[in-house]
**Student:** 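Shown below is the structure under consideration.
Everything quoted here is computed from the prediction, not taken from an experiment. In listed order, ligands and their atoms are each counted from 1.
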Amino acid sequence: MKAAICYEVGKPLVVEDGVTVDAPGKGEVKVKVAVTAVCHSDLHFISGEIKWDLPGLAGHETAGHIEEIGEGVTNLKPGDPVVVGTVTSGCGHCYYCTIGARHFCVERDAFMKPKHQNKKGQRLALMAGPVGGFAEYTTVPAALVTKIPKDMPLDRACLLACGVTSGFGAVVNRAKVRAMSSVVVIGTGGVGLNSIQGAVFSGAYPVIAVDVLDSKLETARKFGATHTINARKVKDPVKAVAEMTQGRGADYVFVTVGKVEAIRQGFLMSGVMGMTVIVGLAQGDLRDFTPFDFIFTEKVLTASGGGSIRSSVDIPFLVSLYQSGKLKLDELISGHYPLARINEAIDSLKKGEALRNIITFE
Ligand SMILES: [Zn+2]
Ligand SMILES: [Zn+2]
């Protein structure tokens, strides 16, 4: 099979034939990949911003069909259309699974086993999302796979593996935004737009989008933002949020930009007892915070990993929202690229031209 392999960070991926993948073992499935979306998290690894072993295989927003099932897999069969994501649906019986926090299942770390090798026999390391989606086939734990209806287009479905669920889930699952509360979303890319959709779905008002490009803020309005702030154009974005929230600051702030400065700014935009949720992968220290930031305000600073989703429940739910016209997915797709042109898809995302580019395999 073919796969796009990272041999050197900061360099184009090498599309190579002769790659193999292990047959599915106990509790695993082999998936014939149909589509994989390119996400900013892939870029963090491919560019070397986040360290990983090389050669490596990225790609973690995948949809396709079950090719083969391993021993003990009872909920899936060959031919089933599936989403392969980064958040486990859990073993079902550990402490975290039992209390309903399946994304913290104790077995999740056991998932990072490289399954692919190149024609030289080198094992290909996996990025944090152990999907291996930039290959024609992948073998993964069945707990990372969610069956979807046959009439759900796979290029839309793959967005539910990470981007959509990270943004939407942070609002609905992690923060549990209340109706009639105020929400700020910093960053209106492929994840932020879905936090906006989650806020609208939760009945928030106002839903304030913050970004530095007017064109992106226009898109944010199409996704349901009621107010927008161009952080480069207004003098003080924190004051601008205060003015839009009766002087109080926002009840919830979602920081989808991977920058620590944005986390600090988001925190300052939150009001008394407000909650700031880190959604984007940010590298660095939060050294600007002091206990006084919290003591006199009871503000909360927390994070959401992968949207804190219960994948076996939330992914089918989001599919039904899409099919009933209540969730925008079509508008998130900027282009389709065959695997041979994957580096073009990556460059266009890097340049900020694209929300999501889809790599196609069949
Ligand atoms: Zn992603
Ligand atoms: Zn578990």
**Student:** Any donor-acceptor pair under 3.5 Å linking the side-chain atoms of Ser348 with those of Asn357?
**Tutor:** yes
**Student:** Indicate if the distance from the Zn ion (ligand 1) to the nearest N, O or S atom of Asp42 falls below 2.8 Å.
**Tutor:** no
**Student:** Less than 4.0 Å between a side-chain N and a carboxylate O, is that true for Asp22 and Lys115?
**Tutor:** no
**Student:** Please work out the angle at the Zn ion (ligand 2) defined by atom SG of Cys91 on one side and atom SG of Cys94 on the other, rounded to 10°.
**Tutor:** 110°
**Student:** Is there a donor-acceptor contact under 3.5 Å linking the side chains of Ser312 and Thr146?
**Tutor:** no
**Student:** For the Zn ion (ligand 1), find the closest N/O/S atom belonging to Glu61 and write down its atom name.
**Tutor:** OE2
**Student:** For residues Ile359 and Val35, determine if any side-chain heavy atom of one lies less than 4.5 Å from a side-chain heavy atom of the other.
**Tutor:** no
**Student:** Between Cys97 and the Zn ion (ligand 2), is there a contact where an N/O/S atom of the residue lies under 2.8 Å from the metal?
**Tutor:** yes
**Student:** If I consider every N, O or S atom in His60, which one ends up closest to the Zn ion (ligand 1)? I only need its name.
**Tutor:** NE2
**Student:** When rounded to the nearest 0.5 angstrom, what is the spacing between CG in Leu57 and CD1 in Ile5?
**Tutor:** 7.0 Å
**Student:** Tell me, please, if Cys162 has any N/O/S atom, main chain or side chain, under 2.8 Å from the Zn ion (ligand 1)?
**Tutor:** yes
